[in-house]
2 protein chains.
Amino acid sequence: MIDENLLLNHGAKRVTFSKGDQLFREGESALNFYQIASGEIKMNNYNEDGKEFIQGIFSIGQSFGEPPLLANVKYPANAEAISDSEVFQLTKEQFLELLSSNPRVHLKITETLAKRLYYKAIMVSEISSQEPEHRILRIIDYLKHVDKVEGQFAYRLDLTRQQLADLTGLRVETVIRATKSLEKKGELQIKKRKVYR
Amino acid sequence: MIDENLLLNHGAKRVTFSKGDQLFREGESALNFYQIASGEIKMNNYNEDGKEFIQGIFSIGQSFGEPPLLANVKYPANAEAISDSEVFQLTKEQFLELLSSNPRVHLKITETLAKRLYYKAIMVSEISSQEPEHRILRIIDYLKHVDKVEGQFAYRLDLTRQQLADLTGLRVETVIRATKSLEKKGELQIKKRKVYR
DNA sequence: GAGATCATATGATTAGGATCATAAAAGCGG
DNA sequence: CCGCTTTTATGATCCTAATCATATGATCTC
């Protein structure tokens with residue numbers, strides 16, 4: 001997370017998006033840096049038969065879409081507002097200028113990328129080879145970890161079964177059955193349809 | 001890739017590994033930065049029933065294992081020498097010192113992470129939802145792209161079917177059948193058992 | 001060149017998640 | 001509160017990759 005004033009000093013614009021709006025699409029060139037001021041943004045892909053895969057969900061203070069900006073490649077996914085959102089937007093030039101004049105911030109960004117890479121490394125190995133229950137537990141544990149929640153069943157998962165399915169590459173029905181089975185095994189709790197871990 | 005002299009000036013050691021040696025293991029703390037002087041290193045996971053998943057294969061000039069170093073987390077995978085290899089090794093402190101005194105190099109590393117993130121984003125979405133043939137084509141295309149090969153069937157894939165399986169999370173038999181089917185469809189060629197794309 | 005090891009190949013069977021169908025509960029807008 | 005949409009739930013069936021078994025073709029070593 002980059003300090004708001006620093007962003008504004010480097011020419012950041014505040015841009016608002018309504019729920020459902022797309023900020024950019026898969027295959028487009030990366031032109032801007034984004035950091036969320038309010039709301040939630042997801043990055044996702046749709047495969048040929050319309051099935052969604054969610055790469056990640058980002059909320060206040062988090063930035064997203066930097067990799068293509070830094071690596072000079074096209075966006076590998078779409079960005080879509082999950083709720084009405086406001087974001088700080090910098091052009092690529094402004095962003096690179098900010099990085100070069102603030103080594104501290106640059107290192108912070110590098111760390112952020114490193115963390116995301118760590119997460120993706122885990123997800124890709126989990127998704128590739130494990131059973132549904134495994135995948136689901138792992139992603140929940142990751143989200144719990146990100147939200148810095150400690151203690152058994154202290155973390156309330158704020159995702160629908162469908163979103164959980166889209167994050168793990170499974171089907172809703174499979175997620176529903178798997179979460180129930182996990183509850184039976186004591187791995188998680190379901191109260192008022194919400195999953196606790 | 002960081003200049004060899006720069007690495008040595010910052011106290012890099014040359015360390016040799018024999019084929020099959022492990023440089024580090026999943027779950028260990030990240031202590032060093034590594035860049036390959038010669039040979040090939042793979043990063044992999046083994047799931048509970050021993051099935052391997054290859055996160056990536058790195059060769060001369062490439063670095064690996066930086067994310068945990070920068071993100072202060074444990075290694076998400078093992079590193080193992082595919083062939084006899086020599087690597088430059090820097091301690092974490094030396095590496096961070098190098099970055100802070102060489103913004104150019106720092107930006108280069110950031111770009112490298114960004115590229116890898118891009119690749120993982122593609123792989124995770126592909127693996128999550130696509131059929132075997134899709135997965136295989138995508139990873140071959142990626143490798144071809146990395147090696148900067150252009151032209152139909154100009155790229156010779158230097159992986160065994162088993163390695164291809166471990167990279168995509170499939171089984172050998174499935175990979176064998178899928179590559180044959182892809183050959184029949186004209187998507188790739190198989191000559192002397194080697195895959196060309 | 002014989003034997004051993006590794007990689008590719010192929011058929012038969014199984015298993016588990018996807019798919020399809022339908023329903024009921026919860027949340028929401030007017 | 002009522003109708004409408006979204007989300008969760010559950011059973012039945014299908015399909016395809018995993019699994020198991022076995023064979024053959026390369027490559028390597030002594």
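Note on naming: letters A, B, ... go to the chains in the order of the sequence lines (proteins, then strands), and numbering restarts at 1 for each one. Quantities reported herein were computed from a predicted structural model and do not represent experimental measurements.
Judged by distance alone, the side chains of K92(A) and N72(A) do bring a donor and an acceptor atom under 3.5 Å apart.
Near DNA chain D, meaning a heavy atom under 4.0 Å away, the residues from residues 172-180 of chain A are E173(A), I176(A), R177(A), K180(A).
Rounded to an integer number of Å, the gap from E52(A) CD to dA18(C) P is 16 Å. Between H134(A) atom NE2 and dG16(C) atom P the separation is 16 Å, expressed in whole Å. Going from atom NZ of K194(B) over to atom P of dC6(C) covers 16 Å, rounded to whole Å. Computed from coordinates, the E131(B) CD to dT19(C) C1' distance equals 15 Å when rounded to whole Å.
Each of L164(B), D141(B), T174(B) was compared with I136(B) under the side chain to side chain contact (heavy atoms under 4.5 Å, CB included) criterion, and only L164(B) meets it. For the side chain to side chain contact (heavy atoms under 4.5 Å, CB included) test with L143(A), the passing option among L157(A), I57(A), D158(A), V149(A) is L157(A); the others fail. Residue E86(B) forms a side chain to side chain contact (heavy atoms under 4.5 Å, CB included) with just one option from I36(B), T16(B), I60(B), and that option is T16(B).
Close approach of DNA chain D to chain B, defined as any atom under 4.0 Å from a non-hydrogen atom of the protein, starts and stops at dA17(D) to dA26(D).
Between R193(A) and T160(B), the residue anchored closer to the 5' end of DNA chain C is T160(B), taking for each the nucleotide with the nearest heavy atom.
Here R161(A) lies in heavy-atom contact (under 4.0 Å) with sugar-phosphate atoms only.
Salt bridge annotation for E4(B)-R14(B): present, with a cationic side-chain nitrogen under 4.0 angstrom from a carboxylate oxygen.
When all heavy atoms of R135(A) and T168(A) are compared, the closest pair comes out as NH1-O, 2.6 Å. For E133(B) against A178(B), the heavy-atom pair with the smallest separation is CG-CB, 4.0 Å.
Between F153(B) and Y196(B), a ring centre-to-centre spacing not shorter than 6.0 Å is recorded.
Between the axis at the start and the axis at the end of the helix from dG1(C)-dC30(D) to dG30(C)-dC1(D) there is an angle of 60°, using five pairs per end and rounding to 10 degrees.
Ring geometry for Y142(A) versus Y119(A): interplanar angle under 30°, hence parallel rather than tilted (30 to 60°). By the 30° and 60° cut-offs, the orientation of the rings of Y75(B) relative to F24(B) is parallel.
More than 12 heavy atoms of other residues, nucleotides or ligands shown are found within 6.0 angstrom of NZ on K194(B).
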